[in-house]
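Down below is the structure, laid out as structure tokens.
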There are 2 protein chains.
Amino acid sequence: MDTGDRLLTPGEVAALFRVDPKTVTRWAAAGRIGSIRTPGGHRRFRESEVRALLEGEGMLEEGEEMGKSRNMGPTASTGPGPANAGMY
Amino acid sequence: MDTGDRLLTPGEVAALFRVDPKTVTRWAAAGRIGSIRTPGGHRRFRESEVRALLEGEGMLEEGEEMGKSRNMGPTASTGPGPANAGMY
DNA sequence: CTACATTCGGGTAATTAGGGTT
DNA sequence: TTTGTCCTAATTACCCGAATGT
């Protein structure tokens, strides 16, 4: 696996997540995503980390339509579950 | 590989379906539509999947109305079919 | 050096999530 | 069973001027 430590700008990450670049900055400020700062203060993000966040819980299970059984299974957090701090 | 399609916000999908954003959120929670979560917890939907759901009603003719018989037999499937888009 | 786009900061609306109810 | 509306809290989007990167 290529570590792919290519650095992405806030605008690139924002386009991938369909959010505002300012939002990506807030993620970095909140510690939800690692960031590298340039000497001038701008942020850069690792592509590998961004991709991991994108596919973290997107297209895993896709099988349904089989009976409407309310499967109260355990919360299967597949993959690197980011510590959700926002839970009231 | 990279799906490379645009992401839609719940409000966008709700406007396409003429429903409340809350309903779209319920669809995602029920697993009827794939969703990508931002680190902040908000959902984003793939435009290709949404369009497939919007126009996918025409290729399968399933005479199925709103549930009047609440008899959930073994073959009671309320759905147009497995719209699996996960091809890796 | 100038020119342009982007990204800093903060501050304030708009949207979304979640639960419960009709 | 599905959808719509109520609420509160969190997240996100757009506003500005100033600084940074190419």
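A, B, ... follow the sequence lines: proteins, then strands. Residue 1 opens every chain. Note that this is a predicted model, so its numbers are computed, not measured.
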Find the distance between [atom1] ([X]) and [atom2] ([Y]) and round it off to the nearest 0.5 Å.
{"X": "B/E47", "Y": "B/L54", "atom1": "CD", "atom2": "CG", "value": "9.5 Å"}
{"X": "A/R44", "Y": "A/T38", "atom1": "CZ", "atom2": "OG1", "value": "6.0 Å"}
{"X": "B/L8", "Y": "B/S35", "atom1": "CG", "atom2": "OG", "value": "12.5 Å"}

Closest contact, heavy atoms only, [X] versus [Y]:
{"X": "B/F45", "Y": "B/A28", "answer": "CE2-CB, 3.7 Å"}
{"X": "B/E49", "Y": "B/G34", "answer": "OE2-N, 2.8 Å"}
{"X": "A/R32", "Y": "B/P39", "answer": "NH1-O, 3.5 Å"}

Can you tell me the distance, in whole Å, between the [atom1] atom of [X] and the [atom2] atom of [N]?
{"X": "B/L7", "N": "D/dA13", "atom1": "CG", "atom2": "P", "value": "12 Å"}
{"X": "B/R43", "N": "D/dT12", "atom1": "CZ", "atom2": "C1'", "value": "15 Å"}
{"X": "B/R37", "N": "C/dA17", "atom1": "CZ", "atom2": "P", "value": "7 Å"}
{"X": "B/L8", "N": "C/dT15", "atom1": "CG", "atom2": "P", "value": "16 Å"}
{"X": "B/E12", "N": "C/dA14", "atom1": "CD", "atom2": "P", "value": "17 Å"}
{"X": "B/F17", "N": "D/dT2", "atom1": "CZ", "atom2": "P", "value": "15 Å"}
{"X": "B/I36", "N": "D/dT11", "atom1": "CD1", "atom2": "P", "value": "20 Å"}

**Study point:** Phosphate-side-chain proximity, A/W27 and D/dT12, N/O vs OP1/OP2 below 4.0 Å
**Key:**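 It does, given that an N or O in the side chain of A/W27 lies less than 4.0 Å from OP1 or OP2 of D/dT12.
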
Note to self: At less than 4.0 Å, is any side-chain N or O atom of B/T25 found next to OP1 or OP2 of C/dA17? Yes or no.
What the structure shows: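 The answer is yes; a side-chain N or O of B/T25 sits under 4.0 Å from OP1 or OP2.
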
Handout entry: Net bend of the helix from C/dA3-D/dT22 to C/dG19-D/dC6, end axes of five pairs each, nearest 10 degrees
Key =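 The end-segment axes of the helix from C/dA3-D/dT22 to C/dG19-D/dC6 are tilted 60° relative to each other.
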
Donor-acceptor pair (no angle test) under 3.5 Å: B/R26 side chain, D/dG4 base: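 Indeed, a donor on one side and an acceptor on the other fall under 3.5 Å apart.
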
- Message: Can you tell me whether the side chain of A/K22 and the base of C/dG10 have a donor-acceptor pair closer than 3.5 Å?
- Response: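 Counting by modelled atom types and ignoring angles, a donor-acceptor contact under 3.5 Å is found here.
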
Given C/dC8, C/dT16, D/dT12, which nucleotide is nearest the side-chain atoms of A/T23?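 Closest nucleotide to the A/T23 side chain: D/dT12.
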
Could you write out each protein N or O paired with an N or O of nucleotides 17-21 of chain D at a distance under 3.5 Å?
{"from": "D/dG21", "atom 1": "OP1", "to": "A/T38", "atom 2": "OG1", "distance (Å)": "3.2"}
{"from": "D/dG21", "atom 1": "OP1", "to": "A/G40", "atom 2": "N", "distance (Å)": "3.2"}

Return all side-chain donor-acceptor pairs below 3.5 angstrom for residues 9-27 of chain A, not counting sequence neighbours, or 'none' if the list is empty.
{"from": "A/T9", "atom 1": "OG1", "to": "A/E12", "atom 2": "N", "distance (Å)": "3.4"}
{"from": "A/R18", "atom 1": "NE", "to": "B/L7", "atom 2": "O", "distance (Å)": "3.2"}
{"from": "A/D20", "atom 1": "OD2", "to": "A/K22", "atom 2": "N", "distance (Å)": "3.1"}
{"from": "A/T25", "atom 1": "OG1", "to": "A/P21", "atom 2": "O", "distance (Å)": "3.3"}

Quick one: on DNA chain D, does A/D20 or B/V19 contact a more 5' nucleotide (nearest heavy atom)?
->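 Whichever sits nearer the 5' end wins; that is B/V19.
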
